[in-house]
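To keep things clear, I will list the structure first and then write my remarks on it.
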Amino acid sequence: MDFELPPELTRLLADLDAFIEREIAPLQAQDDNERFFDHRREYARTDFENGGVPRPEWEELLGEMFRRADAAGWLRYGLPGSLGGSDGTNLDMAVIREHLAHKGLGLHNDLQNESSIVGNFPFAHMLLDFGTDEQKEEFLQPMLAREKRIGFGLTEPGHGSDATWMETTAVRDGGDWVINGAKRFNSGMHSATHDVVFARTSGKSGDARGITAFFVPADAPGFSVDFHWWTLNMPTDHAEVTIRDVRVPDSAVFGAEGEGLAVAQTFVHENRIRQAASGVGAGQYCIDRSVAYARERVTFGQPLATRQAIQWPLVELQTEAEMLRGLVRKTAWELDRVPHLQISDKVSMCNYRANRFVCEAADRAMQVHGGLGYTRHTPFEHIYRHHRRYRITEGAEEVQMRKVAGYLFGFAGPNKARRAEREG
């Protein structure tokens, strides 16, 4: 067994660092763009007088970062060659995400809305797998060029993890569909041109089948973005949406009728393993900063680093970082080689543990840094506020643990058939 990263991947990381120093760091340093990353970050980014959404100048800076990364061939690295990408593997993307997060706050890999010089693009993968030729033509390249933006409307006021119980409905009317319902935390709607809305079209509440995804123009009559929820980390892009008699043509159906949850779960394993990798990287950053500070900070005539009260919590975190890093990379490597459902439990292990780890690392960093750690002049509160969301979104940690339990006890996954054989 060889646990060294492939030489081509280590070279890629070095090239990525060189690009950041050449193109992205100078952009961050000019025109007081540091205001988006230093202690002023939340206020510089957030238009508090306009519902708490991102300020235009913040999104313009991100847009310039995207343009430079795309021109240099980095932005689409994880996409297939047909879309201008490099067919980056799951292992590649996990290592890259960890590497970028380990650098701390910066324009190269922003936490607030997951902007990165190496993009994720879950909607591109959804369109490749489920989109019609017309939908691919309408959305793929314009989305990658940021000419069209797509929101994601799955969660509802009364339903989150229990998406199969959603109350939004769509009924046929001639050659059209008429949609009624409401969505909560509908991402991206401050700038989206379209929203992917999930609605029940057949079956009963609780059925996985019978939910259909639709492309809905954001300016469609009856489609209303009512307000944005102010979140722990600001600015927000999580909207409350009301849908009243919104009419869309049959060509707006995304994927097969009644199989919308398959669309929603596209790329879920890839997304979760990359988020886990980011958590490992950001958590390691917090540990490294804490160790450096503890070695420098002198109290009662001795460096903080000489005290077990400082050492042991960081030892625990460093041990967990090493174990998580190994599990994340092994699982990402397996995702490149086996059907994803065979290791869905491993992905969930990585995701919920890494999300919890980075929150604990950020909290510990605040404690080690004392009063300074509690200020916005250090980055730890921002790291905590961002990563805390992933213990709820993208599959709450309780849902992730339930997945692991299902595989462990034979109620789901490969062990389910073996359990049935034993008991039958």
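In this chain, residues are counted from 1 in sequence order.
- Under the salt bridge (Lys or Arg N to Asp or Glu O under 4.0 Å) test applied with Glu257, the options Arg172, Arg200, Arg209 reduce to a single match, Arg172.
- For the pair Val225 and Asn186, the minimum side-chain heavy-atom distance is 4.5 Å or more.
- Within the structure, salt bridge (charged side-chain N to carboxylate O under 4.0 Å, His left out) pairs that include any residue of residues 235-244 comprise Arg184-Glu240 (at least two apart or interchain).
- Ion pairing between Asp32 and Arg40 holds under the 4.0 Å rule for side-chain N and carboxylate O.
- Look at Glu42 and Arg376 and you find a salt bridge, because one of the NZ, NE, NH1 or NH2 atoms lies within 4.0 Å of a carboxylate O, short of that distance.
- Looking only at atom types and distance, the side chain of Asp363 has no donor-acceptor partner in the side chain of Gln367 under 3.5 Å away.
- At a threshold of 4.0 Å, the pair Glu316-Arg364 does not count as salt-bridged, since none of the basic side-chain nitrogens sits closer than that to a carboxylate oxygen.
- The pair Lys403-Asp345 does not meet the salt-bridge criterion, since no charged nitrogen lies less than 4.0 angstrom from a carboxylate oxygen.
- Asp92 and Tyr77 share a donor-acceptor pair across their side chains, judged by distance under 3.5 Å alone.
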Take Arg325 and Glu98 through the salt bridge (charged side-chain N to carboxylate O under 4.0 Å, His left out) test and state the conclusion after the steps.
CA-CA 9 Å; Arg325 182 175 295 109; Glu98 179 191 340; 2.6 Å; yes

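- Side-chain atoms of Ser116 and Asn109 include a donor-acceptor pair closer than 3.5 Å.
- In summary, the aromatic rings of Tyr293 and His369 are positioned with their centroids under 6.0 Å apart.
- Remark: the Ser115 side chain and the Asp110 side chain contain no N/O donor-acceptor pair separated by less than 3.5 Å.
- Side-chain contact annotation: Glu270 with Asn90, donor-acceptor N/O pair under 3.5 Å absent.
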Would you check, one step at a time, whether the test ring pair (Phe, Tyr, Trp, His ring centres under 6.0 Å) holds for Phe380 with Tyr374?
CA-CA 8 Å; Phe380 311 118; Tyr374 186 65; over 10 Å; no

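- A salt bridge links Glu381 to Arg385: one of the charged nitrogens lies within less than 4.0 Å of a carboxylate oxygen.
- Judged by distance alone, the side chains of His269 and Ser344 do bring a donor and an acceptor atom under 3.5 Å apart.
- Between Phe214 and Phe198, the gap from one ring centroid to the other reaches at least 6.0 Å.
- Residues Gln275 and Asn351 bring no donor and acceptor atom of their side chains to less than 3.5 Å of each other.
- Annotation for Phe227: atom CZ counts as buried by contact number, over 12 foreign heavy atoms lying within 6.0 Å.
- With a 6.0 Å cutoff to the six-membered ring centre and a 45° limit on the axis angle, Arg45 counts as a cation-pi contact of Phe37.
- Other residues, nucleotides and ligands contribute more than 12 heavy atoms inside 6.0 Å of the CD atom of Glu8.
- Checked by atom type, the side-chain pair Thr201/Thr212 shows a donor-acceptor distance below 3.5 Å.
- For the residue pair Arg289 and Tyr285, a side-chain donor N or O sits within less than 3.5 Å of a side-chain acceptor on the partner.
- Here Arg55 does not pair with Glu59 in a salt bridge; the nearest charged N to carboxylate O distance is not below 4.0 Å.
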Apply salt bridge (charged side-chain N to carboxylate O under 4.0 Å, His left out) to Asp17 and Lys103, showing your working.
CA-CA 10 Å; Asp17 288 343; Lys103 288 179 171 292; 3.0 Å; yes

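- Between Phe3 and Trp333, the distance from one ring center to the other does not fall under 6.0 angstrom.
- Side-chain contact check for Gln28 and Glu34: at least one donor-acceptor pair (N or O, by modelled atom type) lies under 3.5 Å.
- Between Glu64 and Arg67, at least one side-chain N (NZ, or NE/NH1/NH2) sits under 4.0 Å from a carboxylate O, which counts as a salt bridge.
- A donor and an acceptor atom, one from each side chain of Gln141 and Glu147, are nowhere located under 3.5 Å apart.
- Close placement of the His194 and Phe139 rings is indicated, their centers lying within 6.0 Å of each other.
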